[in-house]
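The block underneath contains the structure these notes are about, expressed in structure tokens.
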Amino acid sequence: MEKPPSHPELLPGFITIQQHIIANQRRHSEATGEFSFLLSGITIATKVLASRVRKAGLVDVLGSTGCTNVQGETVQKLDRMANDLMMHCIGYRRSVAVLASEEVEGAVDLTETGRSGKYIVLFDPLDGSSNIDVNIPTGTIFSILIRPDPTEWEGQADIQAEVLQPGLKQVAAGYVLYSSATTFVYTTGDGVHQFVLDPEIGAYVLVSERLKMPDRKRVYSTNEANSLSYPAPVRQYLDWTKQPDSNYSSRYVGSFVADFHRILMQGGVFLYPPTAKSPQGKLRLMYEANPMAFLAEQAGGRAIDGSTRILEKKPRQLHERTALYIGSRQEVEIIEGFIEGKGAPKA
Ligand code: AFP
């Protein structure tokens, strides 16, 4: 067969997310390609969603549907669109057995259609959706687990119970941030990698591999309007950060993906403690805290609920909430010191 002409000058000098996932997969001899096909479902859904978010205000995607979700929160039109897109694009992959969405009450059992997929995918389709109407960044968060071996189950497998695995069992997690650029960040337990959507070619292109979060950065991110009902040690921490020689600054978007992304890139700490309004904390363990904790630890950071490592928490309910302190290792340790009664760190 005639060899195709070689034009190295026309070959792209970039790595797409698909190439990256496949290259990683080649390192595992047992890999079947199912996993990269599954992740491609997420990349397709988020690319479509990014294009809808970009048109917000031009097409009819702003505003509320008039319904409330399982969390009792107002469902925005884009929330619903994001949920449907993720359900469709990921559910189409036969390797997926169970889907769970922050917007839907129970886990969706796809094995009922006769498939025997091994993956469980959990997602928050549009995090920070109350910010949509005012053009502030939002995001999609995902977490991937493997179904327990059916032989471990006595009697009938219980899909709803299968999903309730601690974050340590995640095989992949990541998020997409819809902002000045559309950014895809993921880990499979081998570092944190960042891609940016190139709108000209429609592909997520690698911009940085093995991201490391700075160990220390004097920036905290919290909804300070709630602080009077924070636990006393957390209030003491916030008072300490305000001392003139503490040199802290504060940044809060109110979209967890955006706040976390800034901390991943520049360091700092995000805290959402228990409050009078949300005594268990506000963020969802399985949809928000676990995937971000996996990413944070892979980037050298930490994530705790005040006393326990987030990734070790055994969920009791799909939509369980948790207190969360996440970010640069030393910044989380300082808050932990206050919670343990040790007070401010020695200068
Ligand atoms: P929405 O998706 O309802 O906007 O909630 C966003 C969120 O779960 C998370 O992204 C934010 O960090 C957090 O809530 C903000 O909560 P407050 O509005 O109470 O600060």
Side-chain angles (χ1 to χ4, degrees), residues 46 49 52-53 56 61-86 100-105 122-143 173-179 183 185 219-231 234 238 250-264 268-293 295-296 303 305 310 318-327 332:
T46 57
L49 195 49
R52 298 290 185 275
V53 170
V61 291
L62 294 181
S64 153
T65 56
C67 305
T68 47
N69 68 9
V70 57
Q71 326 270 351
E73 300 157 343
T74 309
V75 178
Q76 307 291 323
K77 288 181 192 160
L78 260 174
D79 268 331
R80 177 164 293 167
M81 189 183 287
N83 185 63
D84 293 351
L85 268 168
M86 292 288 279
S101 164
E102 199 216 78
E103 295 294 325
V104 178
E105 187 154 4
L122 297 109
F123 54 86
D124 180 352
L126 201 61
D127 182 66
S129 56
S130 56
N131 282 331
I132 296 167
D133 288 2
V134 285
N135 205 6
I136 285 177
T138 50
T140 298
I141 312 175
F142 65 90
S143 159
Y175 61 83
V176 177
L177 172 63
Y178 310 104
S179 184
T183 303
V185 174
V219 176
Y220 68 84
S221 184
T222 196
N223 185 342
E224 205 141 6
N226 295 325
S227 63
L228 286 184
S229 69
Y230 286 177
V234 184
L238 288 174
S250 164
R251 293 281 181 278
Y252 190 66
V253 179
S255 280
F256 183 40
V257 176
D259 283 314
F260 180 83
H261 188 68
R262 187 190 54 252
I263 291 169
L264 177 66
V269 63
F270 174 96
L271 48 148
Y272 210 115
T275 65
K277 234 187 295 171
S278 310
Q280 311 300 322
K282 181 182 179 195
L283 300 195
R284 293 77 173 172
L285 175 61
M286 304 205 68
Y287 302 105
E288 296 173 303
N290 272 343
M292 296 313 210
L295 289 159
D305 71 354
I310 290 291
L318 190 54
H319 295 281
E320 182 170 330
R321 295 177 190 256
T322 181
L324 180 64
Y325 306 84
I326 187 168
V332 175

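No hydrogens, no waters, no symmetry mates; every other heavy atom, side chains included, goes into these values. Just so you know, ligand 1 is whichever comes first in the structure, and atom 1 is the first atom listed for that ligand.
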For atom 2 (O) of ligand 1, what is the nearest protein heavy atom, given as residue, atom name and distance?
-> Gly128 N, 3.0 Å

Which residue supplies the protein heavy atom nearest to atom 5 (O) of ligand 1, what is that atom called, and how far is it?
-> Lys282 NZ, 3.8 Å

Specify side chain, backbone, both or neither for Leu283, according to which of its non-hydrogen atoms lie closer than 4.0 Å to ligand 1.
-> side chain

Identified side chain to side chain donor-acceptor pair (under 3.5 Å) counterpart of Tyr272 within the set Thr222, Thr322, Asn226, Asp305 = Asn226

Would you say Glu288 touches ligand 1, if touching means a heavy atom closer than 4.0 Å?
-> yes

Of the backbone atoms (N, CA, C, O) and the side-chain heavy atoms from C-beta on, which set of Ser129 has a member under 4.0 Å from an atom of ligand 1: side chain, backbone, both, or neither?
-> both

Pair listing, salt bridge (Lys or Arg N to Asp or Glu O under 4.0 Å) test, anchored in residues 219-231, at least two apart = Glu224-Lys242

Reference residue Ser101; test side chain to side chain donor-acceptor pair (under 3.5 Å); the match among Asn83, Asp124, Asp84 | Asn83

Tell me which part of Phe260 gets within contact of ligand 1: side chain, backbone, both or neither, using heavy atoms under 4.0 Å.
-> neither

Report yes if the distance between the aromatic ring centroids of Phe256 and Phe270 is under 6.0 Å, otherwise no.
-> yes

Can you find an N/O atom of Val257 closer than 3.5 Å to an N/O atom of ligand 1?
-> no

Closest non-hydrogen atom pair, Lys282 against Arg321 | O-NH1, 2.8 Å

